[in-house]
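For reference, the structure discussed in these notes is given below.
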Protein chains: 2
Amino acid sequence: MVNKEEYRTRIILTASKIFSHYGFRKTTMEEISRALKKGKSSIYYYFASKEEIFEAVVLYEANQLRTQLTTAIKEVDSPQEKLRIYIYVRMKAFAKLSNYYNAVFDKNLDHYEFIEKIRSRYDREELAILRLLVYVGNTRGIFRVEASEYTAMAIQTMLKGMEVPLFWRKRDIDINDRLEAILNLIFNGINKR
Amino acid sequence: MVNKEEYRTRIILTASKIFSHYGFRKTTMEEISRALKKGKSSIYYYFASKEEIFEAVVLYEANQLRTQLTTAIKEVDSPQEKLRIYIYVRMKAFAKLSNYYNAVFDKNLDHYEFIEKIRSRYDREELAILRLLVYVGNTRGIFRVEASEYTAMAIQTMLKGMEVPLFWRKRDIDINDRLEAILNLIFNGINKR
DNA sequence: CGACTTTCCGACCCGTTTGTTCTACATAAT
DNA sequence: ATTATGTAGAACAAACGGGTCGGAAAGTCG
C-alpha cells in the first residue's frame with residue numbers, strides 16, 4: 001500500500017486480537033492472513049516470522065498500557081484517586097492480557113527472555129510512577145511514608161503478586177472485591193491518621 | 001470409577017469449558033485428557049471420537065440452556081418480564097456459546113447437520129414457549145395480538161436474527177442497548193395501548 | 001509504453017502435531 | 001482363576017502449520 005510501516009501496524013492490530021483470544025501457539029499464520037484478506041506468504045513481506053509478529057504485538061500492547069495508565073491518572077487529582085485508578089486500570093489490562101501469558105507459559109520458554117526484557121524496562125517506569133505518586137501524596141500531607149522509594153517498591157511487589165492468581169482464576173466478580181481489599185490495605189497502611 | 005456414565009458427564013463438563021474457549025478445531029484430545037488428569041487414550045474408553053465428545057457437549061449445552069430458560073421465566077410473573085428475561089438469558093447464553101458456532105463454521109461442515117438436528121428440535125420447543133408467553137399475556141389483557149402462533153414465530157425470527165451479528169461483533173457494552181431496543185420494539189408493537 | 005520496484009500469492013517443503021488404534025498392564029468383581 | 005473394567009504408553013497415518021521460493025500482479029517513473 002502507501003506505507004509499509006502503516007501496514008505493519010495493521011498486521012499488529014489484527015494479530016493482537018487473535019493472539020489475545022487464542023494465545024501464541026493456537027494462532028496460525030493462516031488465520032492472521034485470512035483476517036487481513038491476504039495470502040499467508042504475503043505476511044512474510046512485512047514480518048520475518050510469527051515470533052516477530054508476536055514480539056511486535058507485545059511491544060505494542062505494552063506501550064498501549066503505558067499511555068493508558070498515564071492518561072488515566074491525569075484525569076483525577078487526589079493522590080488516592082490516582083493510585084486507585086492506576087491499580088484498577090492495570091488490573092483490567094492484565095486480566096485482558098492473560099492469554100499472552102498463557103501463550104508464554106504454553107510450552108517453549110523461548111519468548112520468556114524477550115518478555116522479561118520488556119518487562120524489566122516497564123517495571124522501572126512503573127516504579128518511577130508509583131514513587132512519584134507516593135511522593136506527591138506525601139508532600140501534600142495526604143500520605144505519610146518515610147521512604148517513598150521503598151514504599152513504591154512494596155506497592156509494586158503487591159501488584160505483581162496480584163498478577164499470578166489472576167491468570168489462573170476465571171472469576172470476574174471477585175476482581176472488584178479483591179481490588180477494594182487491596183486498596184483498603186494500601187490506604188490504611190499509608191494514609192495519615 | 002463407580003459409574004461409567006458418571007465419568008462421561010465429567011468428560012463432557014471438562015471438554016465443554018475448553019471447547020467453548022477454543023472451538024472444536026483448536027481443542028486437542030491431549031488438552032482434554034490433561035485437564036482430566038488421565039492418559040489421552042483413556043478417553044477413548046468413554047467416547048469413540050473427538051466428534052462424539054463434541055456432540056455430547058453440544059447436546060448437554062442445549063439441555064442446559066433449556067432448563068436455564070424455563071426456570072428463569074418462572075421466577076417472574078408478568079408476561080412482559082417473562083419475555084424480557086427469556087430474551088436476555090437467551091442472548092447471554094448465545095454470546096457465550098459463540099465459539100461453538102465458530103467451530104461449526106470453521107472449515108468442515110460435517111457437524112452442521114448434527115447441529116441443525118438439535119437446533120430444529122429446539123426451535124420447536126422455543127416456539128411453543130414463546131407462543132404460550134404471548135398467549136398468556138393476551139388472555140391477561142396485557143398483550144393484544146391476533147394470532148399468537150404467528151406472533152411467536154415473528155419474535156423467534158427476530159431472536160434468530162440477533163444471533164448472527166452477535167458472533168461477529170465483540171462489543172460487550174452495546175449488547176444491553178441492543179437488547180433494550182429489541183424489547184422496546186417488541187413491546188411497543190405488542191403492548192395494549 | 002517499457003523497465004523497474006513493490007506487493008502479493010500459489011505451490012511446495014518438511015518437521016511437528018494430533019486423532020486414533022493397539023497392546024499390555026493393573027485392579028476389582030465374579 | 002478368570003473375567004470385566006479401567007488405564008496408559010507406544011506407534012502411526014493423516015493433517016497441520018511455519019516458512020521458502022519463483023514468479024505473477026500492480027503500481028511507479030522515465
Side-chain angles (χ1 to χ4, degrees), chain A residues 1-19 21-58 99-100 102-111 114, chain B residues 1-19 21-58 99-100 102-111 114:
Chain A
M1 294 293 166
V2 200
N3 193 0
K4 192 166 176 177
E5 202 55 37
E6 205 170 301
Y7 204 81
R8 274 177 64 100
T9 57
R10 220 191 116 196
I11 293 176
I12 291 173
L13 255 47
T14 307
S16 167
K17 286 182 203 150
I18 311 179
F19 277 138
H21 191 185
Y22 293 118
F24 178 75
R25 185 95 189 292
K26 281 179 190 286
T27 300
T28 72
M29 290 298 257
E30 174 75 27
E31 274 174 309
I32 297 174
S33 62
R34 206 189 311 141
L36 289 162
K37 294 184 203 298
K38 287 283 157 62
K40 184 177 65 165
S41 37
S42 301
I43 311 293
Y44 286 88
Y45 181 73
Y46 299 95
F47 288 95
S49 67
K50 188 184 174 185
E51 298 208 3
E52 207 176 289
I53 299 179
F54 183 72
E55 294 186 355
V57 164
V58 172
N99 268 288
Y100 289 116
N102 289 340
V104 172
F105 293 126
D106 218 9
K107 202 62 167 295
N108 49 349
L109 304 178
D110 301 342
H111 320 280
F114 167 73
Chain B
M1 294 291 168
V2 200
N3 194 0
K4 191 167 176 177
E5 203 57 35
E6 204 171 304
Y7 203 81
R8 274 176 64 99
T9 58
R10 219 191 116 196
I11 293 176
I12 291 173
L13 256 48
T14 308
S16 168
K17 286 182 204 149
I18 312 179
F19 277 138
H21 191 185
Y22 293 117
F24 178 75
R25 188 94 186 290
K26 284 179 188 286
T27 300
T28 74
M29 290 297 253
E30 175 74 29
E31 275 174 310
I32 297 175
S33 62
R34 206 189 310 140
L36 288 161
K37 293 184 204 304
K38 287 284 157 61
K40 186 174 60 162
S41 43
S42 302
I43 312 290
Y44 286 87
Y45 182 75
Y46 300 95
F47 288 95
S49 66
K50 186 186 176 185
E51 297 207 3
E52 207 175 290
I53 299 180
F54 183 72
E55 294 186 355
V57 165
V58 172
N99 268 288
Y100 289 117
N102 290 340
V104 172
F105 294 126
D106 218 9
K107 200 65 165 294
N108 48 349
L109 305 177
D110 300 343
H111 319 282
F114 167 72

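Below, chains carry the letters A, B, ... as their sequence lines are ordered, and counting in each starts from 1.
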task: In sequence, state the C-alpha distance, the side-chain angles, and the governing distance for Tyr46(B) and Lys38(B), and then conclude on side-chain hydrogen bond (donor to acceptor under 3.5 Å, both in side chains).
output: CA-CA 12 Å; Tyr46(B) 300 95; Lys38(B) 287 284 157 61; 5.9 Å; no

- request: Could you give me the CA-CA distance, side-chain angles and deciding distance for Phe19(A) and Ile53(A), then say whether side-chain contact (heavy atoms from CB on, under 4.5 Å) is met?
  value: CA-CA 10 Å; Phe19(A) 277 138; Ile53(A) 299 179; 4.0 Å; yes

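Arg8(B) has its CZ atom 12 Å from the P atom of dG6(D), to the nearest Å. Computed from coordinates, the Lys26(A) NZ to dC16(D) P distance equals 14 Å when rounded to whole Å. To the nearest angstrom, P of dG19(D) lies 10 Å from CD1 of Ile32(A). If you measure from atom CD of Glu5(B) to atom C1' of dG6(D), you get 16 Å, rounded to the nearest angstrom. Protein atom CZ of Phe47(A) is 19 Å distant from nucleotide atom C1' of dG17(D), rounded to whole Å. One atom, OH of Tyr46(A), and another, P of dG18(D), lie 19 Å apart when rounded to the nearest Å. When the C1' atom of dT7(D) is taken as reference, atom CZ of Arg34(B) falls 18 Å away, rounded to whole Å.
For Ser49(B), the side-chain contact (heavy atoms from CB on, under 4.5 Å) partners are Glu51(B), Glu52(B), not counting sequence neighbours.
Distances shown here put every side-chain N or O of Tyr45(A) at or beyond 4.0 Å from the OP1 or OP2 atom of dC8(C).
For the pair His21(A) and His21(B), the minimum side-chain heavy-atom distance is below 4.5 Å.
One finds a salt bridge joining Arg8(B) and Glu5(B) here, because a Lys/Arg side-chain nitrogen approaches an Asp/Glu carboxylate oxygen to under 4.0 Å.
Annotation: the span from Tyr44(A) atom OH to Lys50(A) atom NZ amounts to 8.5 Å, rounded to 0.5 Å.
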- prompt: Reading nucleotides 19-24 of chain C 5' to 3', which nucleotides get B (base under 4.0 Å from a protein heavy atom), which S (sugar-phosphate only), which -?
  reply: BBBB--

